[in-house]
Each structure stands twice: as C-alpha cells, then as structure tokens.
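Note that the structure is predicted; figures quoted are calculated from it, not measured. Heads up: numbering here begins at 1 and tracks the sequence. In each ligand, atom 1 is the first atom listed, and ligand 1 is the first ligand listed.
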Amino acid sequence: MSRRYDCVIFDLDGTVMDTSEGVVRSVQYALRGMGLPDDDMERIRRFIGPPLHQAFTEFYGMKDAEATEAVRLYRVRYAQAGVLEYTPYFGMLELIREIRAAGMRVGVATGKPEVFTRVILKDAGIEDCVDRLITPNLSDKRQDKPAMVRAILDACGEKAVMVGDRCFDIEGARANGIDSIGVLQGFGSRQELQDSGATYIVQGAQGIRHILGLTRERGRFLTFEGTDGTGKSTQIERLRAALTAQGRDVVVTREPGGTPICERIRGLLLDKSSVMDDVTEAYLYAAARAEHVRAVILPALERGQDVLCDRYIDSSVAYQGYGRQLGAQRVMDINREAAADCMPDRTYLLTLPQQEARARIAGRGERDRMESAGEAFDRRVAEGFLHIAQQEPERVRVLDARRSVEDLALCIAQDVAKLKTSGGAVR
Ligand code: TYD
C-alpha cells in the first residue's frame, strides 16, 4: 500500500511531551541569576516553544549579551534537573513506535540541544525509533526550523509531514513545501495553528494516527444491563474469561464507578442517608459517566481493548428516566455530553420477573438507596429497559436471566464473536 507520507517529523516540546515544568523552573533560575524577579508566571510560561535567546530578548528586553548569559544560566539548571522534568502526552510515545513499525521514518526537529534531546529520547524509550535528529548548534542564537526540516528531508526523502504545536513548526514545514499537522494538546492555540497554515489540526496521537493511515482496530464496547439481581457480574466474569482465553485484552469496569472520583460519586448515590432531588441524582450518575468514559472507556477502546461495563447509559434512562419518571428523552439529553457520544457496540439486557429479582437480592444484606426505592419503581425500571430494547433491537439483546449460567455465557460469547472489532461504533 502506498502511503501518503513515508516520513514523520516531530517537534518535541509541546508535541510529543510536555517539558514545561523543566523549562519553567530553569527560566526562573536564569532570571534569578540575572537579578530579575522569578514570579511573573504569565511571562515565564511564554518561554515554552520559542527559541530561548529570542524569548529572553523579547519578553525581558535583554540585550544580546545578556540574553546569551541568561541562556547559559538556564542550561546549567536544565542540565542538572530540568531535562527529566517532562511528561509524555497521551499515546505519543506509542504512536512513534507504531510509525516506525509501519515502516515510516521518524525525524525529530527540536530547539533543544542535542545532548538534552538524547537524554530525553533515551529516558522515554524512543531513542531507537528516531532515524534523524536535528537540533540547533549550541552557538546558534536563533533556531532555524525551516533549515532543520530541510536537513531531515535531505536525509529521509520529501514525502514527509511535520507534526508540531506552534507556528514555528508549521512555518518550518511550509517553507519546505511539505504538509503539517498542528496538535492542540501542546502550547499553541487553534488560531495560531490555523493562521500559520497548518494542513491539519488534531487534538493528539489518535488524530495523527488517522491522518497517517495507522488507525488501529478499536476494541468492542459491551455493556450489561438489567434490574438488580439478574446476574450481570457473573456473566461479565464469564465473558472476560472467554475473551482473555482468545488472547483479547479486556477491561472490566462498572457504573457508577471505575475511577476513584466515580467511586466517590457512587458512594453518594448509594448511601441511604443521601437525600437529593431526582434531577440531582440524574446529574450525579451522568457526572460519574463523564469521568468514566474519558478516563477509562475511550482510552481503552482506542488502545484496542474490549471494554465490558456493568451498567451504562441505559441504566440512567431506565432508573432515572422511567423509575424516577424524569422522562427518557430528558435523561438522554443530560447524558449526551457526559457520554461523549460513546455508545456501546452491544448491550446485553438480563431480565427476570420482578418477584424473582427481589428474592435474589433479598439474601444480599442491607439494601442500598436505589434498591430501597420500592416495587412500583422497580417495575417502571424493568419496563424502561424493555422499552429501550424495543427501540434499539440492533444494539440491545434481551436475555432471560432464568436460563442457566452456562447457557447464557455461551449465548453471549457466540454473539460477541460475531461482532466486528473494527470499531466505528463509537459514534
Ligand atoms: P450496583 O450495586 O452496581 O447495582 P447492581 O449490582 O445491581 O448492578 O448499584 C448501582 C445502582 O445504581 C443500581 O441500583 C442501578 C443504579 N443506577 C442508576 O440508577 N442509574 C445509572 O445510570 C446507573 C449506572 C446505575
């Protein structure tokens, strides 16, 4: 397959990693050394991105010799500690390895001196993935991105794309007639990237992957729903074991829950001493979902893992929409933004006659706040779930929870096997 690009040139700071902590602390050190105050954070943060000498000159009105001394001081602190004060952006190191594994070349054009850049690349475990590293000469006062990009093109060929977070990167690409990808996760704004003429603007690693044609298969998002006591956990565990045995990477999680903050919200919601309005309750479930989707579900799906989730948005529609009678549409509206448009590929709805469900949970000790809402509430919830299933027969499979555990597990595993892993279901 012929690729649109066979070389990807990365800027480092603000693109692959956030090195701001080391930069900020070292600028402060240099300012103190020059007898200047070190607490004007707004001004100091502007040092992230542009060449250092230029920044000292422009932001602090230094003369050439002063700026040179400030850069020297900066480098003393930076070499000692600042160099390793960095945080890689989500998925970027992985992406660089993938690019290399896909047979493309990787270039790095950074304003950081070579010694520091090598320390960082080694520490981040991507040193071996970089075919061509171009750094400024230590005596250079201005960094010349266009010339750096040119040097990489000379070594790696012209079918290249530049990835960066600031106008300097985009301009470096344009000066050489190549495409550029502006990333928003760094320090430049959308406006800056647009104005400098970025060919594409994306959030981060996943967007770059799309442009490079490296999209991985997404994992499958499978949810389990039903009233309390229908045996969801048992079936989730069975499916987890079956998928793992097939070599799939599986994440099991639950709602409300799945992260420390979501577990705290869960505590509030299920605590019998909590008194709250039904609307508050709906928003709390949605708040927990917003965090859970962003912190757990979407990252896992993007890594290609299958996600098995005990309850999801259908529980909100059934419990708050039907049970609390807020209305299905209203609850969906509350959840649209919370769920980041992430809907399950398949939902297994386990059903039981109400008496049987009640009998099953009777032996579980004290009931929580939701389990104490009464029989009429439970009936409305069960009807709500069936209504959802009728409206979305493609997504929701209704299963009679009175069937044996084995029988249900087999039925679910067979259905999952037919589900493509190609994604596209995260809408
Ligand atoms: P949980 O102990 O997980 O119930 P179960 O073991 O039956 O799955 O408790 C979650 C409770 O929260 C459960 O009663 C259903 C309720 N719930 C909602 O009301 N709305 C929601 O959006 C979710 C996810 C759960």
Original post:
What atoms of ligand 1 come within less than 4.0 Å of a heavy atom belonging to Lys232?
Top reply: 5 (P), 7 (O), 8 (O)
Original post:
Which protein non-hydrogen atom lies closest to atom 22 (O) of ligand 1, naming both residue and atom, and how far is it?
Top reply: Ser316 OG, 2.5 Å
Subject >> Closest approach of any protein heavy atom to atom 11 (C) of ligand 1, naming residue and atom >> reply: Leu270 CD2, 3.7 Å
Original post:
Of all the non-hydrogen atoms in the protein, which one sits nearest to atom 7 (O) of ligand 1, and at what distance?
Top reply: Asp228 OD1, 2.5 Å
Original post:
With only distance considered, is Glu371 within less than 3.5 Å of ligand 1 through an N or O on each side?
Top reply: no
Subject >> Asp11: which of Lys145, Arg166, Lys112 passes salt bridge (charged side-chain N to carboxylate O under 4.0 Å, His left out) >> reply: Lys145
**OP:** Report yes or no: does Glu281 have a heavy atom closer than 4.0 Å to ligand 1?
**Re:** no
**OP:** Looking only at distances, please establish whether an N/O atom of ligand 1 is found under 3.5 Å from an N/O atom of Thr227.
**Re:** no
Original post:
Just checking, is any N or O donor in the side chain of Thr87 or Asp18 under 3.5 Å from an acceptor N or O on the other one?
Top reply: no
**OP:** Would you check if the side chain of Thr15 reaches a backbone N or O of Asp165 as a donor-acceptor pair within less than 3.5 Å?
**Re:** yes
**OP:** Establish, for the pair Arg289 and Tyr312, whether the NZ or CZ atom is under 6.0 angstrom from the six-membered ring centre and no further than 45 degrees off its axis.
**Re:** yes
Original post:
By number and element, which atoms of ligand 1 are closer than 4.0 Å to a non-hydrogen atom of Met370?
Top reply: 12 (O), 14 (O), 19 (O)
Original post:
If you count the atoms of ligand 1 from 1 in the order shown, which ones are under 4.0 Å from a heavy atom of Asp310?
Top reply: 8 (O)
**OP:** Validate the cation-pi geometry between Arg43 and Tyr60: distance from NZ or CZ to the six-membered ring centre under 6.0 Å, angle to the ring axis within 45°.
**Re:** yes
Original post:
Does NZ or CZ of Arg380 fall inside the cone over Tyr322's six-membered ring, less than 6.0 Å from its centre and within 45° of the axis?
Top reply: no
Subject >> Donor on one side chain, acceptor on other, Tyr86 and Asp123, under 3.5 Å >> reply: yes
Original post:
Is it the side chain, the backbone, both or neither of Arg254 that has a heavy atom closer than 4.0 Å to ligand 1?
Top reply: neither
Original post:
Looking only at protein heavy atoms, which one is nearest to atom 21 (C) of ligand 1, and how far off is it?
Top reply: Tyr285 CD2, 3.3 Å
**OP:** Between Leu269 and ligand 1, find which residue part has any heavy-atom pair under 4.0 Å and reply side chain, backbone, both or neither.
**Re:** neither
Original post:
Looking at ligand 1, does any of its N/O atoms fall within less than 3.5 Å of an N/O of Arg289?
Top reply: yes
**OP:** Identify whether the distance between the nearest side-chain nitrogen and carboxylate oxygen of Asp314 and Arg395 falls below 4.0 Å.
**Re:** yes
**OP:** Determine whether the side chains of Arg209 and Gln206 contain a donor N or O and an acceptor N or O closer than 3.5 Å.
**Re:** yes
Original post:
Is there at least one pair of N or O atoms, one from Glu255 and one from ligand 1, spaced under 3.5 Å apart?
Top reply: no
Original post:
Numbering the atoms of ligand 1 from 1, which are under 4.0 Å from a heavy atom of Tyr319?
Top reply: 14 (O), 15 (C), 18 (C), 19 (O)
Subject >> Option of least heavy-atom distance to atom 19 (O) of ligand 1 (set: Gln320, Arg360, His292, Arg266) >> reply: Gln320
Original post:
Do other residues, nucleotides or ligands put more than 12 heavy atoms under 6.0 Å from Arg264 CZ?
Top reply: no
Original post:
What do you reckon, does Tyr312 have a nitrogen or oxygen under 3.5 Å from a nitrogen or oxygen of ligand 1?
Top reply: no
Original post:
Taking the side chain from Ser180 and the backbone from Thr199, do they hold a donor-acceptor pair closer than 3.5 Å?
Top reply: yes
Original post:
Which ligand 1 atoms, with their elements, are less than 4.0 angstrom from a heavy-atom of Ser315?
Top reply: 20 (N), 21 (C), 22 (O), 23 (C), 24 (C), 25 (C)
